[in-house]
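All ligand and atom numbering here is 1-based and tracks the order in the structure.
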Amino acid sequence: MSNREILRRMADVLKPYIRSLLIAMVAMIVVGGFNALQAYMVKPLLDEIFFNKNGSLLSLLPLGVVVVFVVKGVFYFLYTYLLEKVGLGVIRDLRHAVYAHINTLSLSYFHKTPTGKIISRIINDVNLLQRSVSYALIQLLRDLCSVAGLLGVIFYMDWRLALISLAFIPLSVGPIVFFGRRFRKISVVYQDNIGEATSNLHETIGGARIVKAFSMEKEEVQRFAGKLQEIMDTMLLDTKNRALSHPLTECIGGFGMAFIIWFGGREVLNGHSTPGTFMSFLTALILLYEPIKGVSKINSTFQQGAAAAGRIFGLLDIEPEIQERLDAVTLPPFEREIVLKDVTFCYEPNRPVLQCLNLRLSRGEILAIVGPSGSGKTTLANLIPRFYDVTEGSLKIDDHEIRDLTLHSLRSQIALVTQQTILFNDTVRNNIAYGRKSCTEEDVHQAAKAAFAYEFIKDLPQGFDTVIGESGSRLSGGQQQRVSIARAILKDAPILILDEATSSLDTESEREVQRALENLMQNRTTIIIAHRLSTVKNADRIIVLKDGHLVEEGTHESLLALQGEYHALHRLQFSHAQEPDKMVEAHA
Ligand SMILES: Nc1ncnc2c1ncn2[C@@H]1O[C@H](COP(=O)(O)OP(=O)(O)OP(=O)(O)O)[C@@H](O)[C@H]1O
Ligand SMILES: [Mg+2]
């Protein structure tokens, strides 16, 4: 993204604050003007008071100084406060926009992008950008105003000398541009480093149990230490450049100053100028140094900010893969059937995970999907709520192509229990009632009872108010599953997708939950994915997936009679034990 484009978009971000910015700008012009006035006042001080011994001015001038400082102070407060307020507002707005945008992105984005990287965009990049914006607004504008005022003074005092001084400016701009480019490059590397480190932390802290179980603490610490070193090296490079850019600009300024003292001093000595004029000129020139330095520092901060802004706007520009059409229609309550016709699906181009699938699922039917691990069961289930779009073929619900529907109307008719239970660090109640704003305590209890979760929830230290830890880590695997089943039950949607929903339950609880699910499945259309064949035995229809192909279809009995894949899976599971309770998971 070009700097120009970035500035244009920043202008959009700043638009709501235009009033504060204008007031602040006026305040800054006043402050800049008063800075110039300070320099100007040196002339009467020297020429009138010291050389012409003007006594009445001596009583006026100190008063003037007091007024100058007081007025400057008031306006300084005004613009500092206003601009800081704008900066904070911008941070809030951008974080809001980025988070809102991320929420519109498709699942594929989250599968491809490390969490740490996304978090780094919202936290670090926005911070960096805000710093640049605040600095740019506060320093740049103030400094520019001061520069303008002080330039006015030097031109007023001695325009020839002023022109000579200006000749040095292009000389000092050279290094500013040069270092600016470097700062920007370094900033990109730095933010990448930070993003990686954040990802790293996120994974290893979240996965502390595995790290410990595999005794990888030392390696992980080393890996992180490596990242820290990279961060430090990058920062050091940044510091080196900064430390270099400062004296370089200063030296160039020094050369200029030396020449001006020599030239201007000569003018005073041969009577072309007064000491007051020259001193006032010199004061203005010295006062110019700070704001000019400020302007040069602004550049590096701007470069950093531009890099951060580039990343933020880049993220904001990512289009969700799954998009609602502009003329999307609302799916009426599900009535008849879900139809998959010649569905092929690829995550990566030309590597189909599902191939030419044909399937018809009538309302009220219970369809079970079985098949070896990696055969595409979860993938198939993900197509129905349109987490992914089919690559080829069509997927219709009641004759509506699901691409033509609003996502909300589609997804609100589907309740889903995922293979990896997903719970939030919140109370049990809020986890069950997630997405259901208007449900009563009684509804939550009913759902918990139906999922056979009520008893254990009651026994938790704070019952339904117990906070269950990150990803529900304070519950057992089976308890987590029952909470997510309760959540699906409470959603009360006509289409139910259960992806290994009962896999972490012992046989006893599974039977109970199974019974609950059977109640739940009545009058609902259910897709149930399971490795344990005992779970799917009672389904109306079972399909067997293998390498993305639908290879068999029928009822439990008919499939057994077929003596094919299903039969083989079945034999594998039941050959190790007499009773079906001690089943071995059939992973191919
Ligand atoms: N987000 C993804 N990106 C790329 N490939 C993926 C993605 N998710 C799954 N796959 C691949 O798609 C194939 C099917 O995966 P899927 O999760 O549908 O299998 P499954 O039948 O549900 O297996 P399991 O029984 O182990 O849950 C696998 O080969 C897997 O590697
Ligand atoms: Mg799966």
### Message
For the CZ atom on Arg360, are there more than 12 heavy atoms of other groups (residues, nucleotides or ligands in this structure) within a distance under 6.0 Å?
### Response
no
#### Entry: Side-chain touch Gln479/Ile468, heavy atoms, less than 4.5 angstrom
no
### Message
Please confirm whether His531 approaches ligand 1 to less than 4.0 Å, judged on its heavy atoms.
### Response
yes
#### Entry: Nearest-option assignment for atom 27 (O) of ligand 1, heavy atoms, candidates Gln419, Glu500, Glu348, Gln420
Gln419
### Query
Tell me, which protein N/O/S atoms are under 2.8 Å away from the Mg ion (ligand 2)?
Thr378 OG1, Gln419 OE1
### Query
Can we say Glu220 and Arg223 salt-bridge, meaning some charged N sits less than 4.0 Å from an Asp/Glu carboxylate O?
yes
### Query
If you count the non-hydrogen atoms of other residues, nucleotides and ligands that lie under 6.0 Å from CD in Glu470, is the total more than 12?
no
### Query
What about Gly376: any of its N or O atoms under 3.5 Å from an N or O on ligand 1?
yes
### Query
Relative to the ring of Tyr434, is the ring of Phe424 parallel (under 30°), tilted (30 to 60°) or perpendicular (over 60°)?
tilted
### Summary
Here the atoms of ligand 1 under 4.0 Å from any heavy atom belonging to His111 are 1 (N)
### Task
Output yes when the distance from some N or O of ligand 1 to some N or O of Val353 is under 3.5 Å, and no in every other case.
no
#### Entry: Thr391 side-chain N/O to Cys346 backbone N/O, donor-acceptor pair under 3.5 Å
yes
### Message
Atom NZ of residue position Lys185 - does it have more than 12 heavy atoms of other residues, nucleotides or ligands inside 6.0 Å?
### Response
no
### Query
Which ligand 1 atoms does Tyr388 reach within 4.0 Å, using its non-hydrogen atoms?
1 (N)
### Query
Does Arg541 offer a backbone N or O that forms a donor-acceptor pair with the side chain of Thr555 under 3.5 Å?
no
### Query
Which one of Leu354, Leu107, Thr378, Ile369 has a non-hydrogen atom at the shortest distance from atom 17 (O) of ligand 1?
Thr378
### Task
Indicate yes or no: does Arg325 engage Glu401 in a salt bridge with an N to O separation below 4.0 Å.
no
### Query
If you count the atoms of ligand 1 from 1 in the order shown, which ones are under 4.0 Å from a heavy atom of Thr379?
14 (C), 15 (O), 16 (P), 18 (O)
### NZ/NE/NH1/NH2 to OD/OE distance under 4.0 Å, Lys396 and Asp404
no
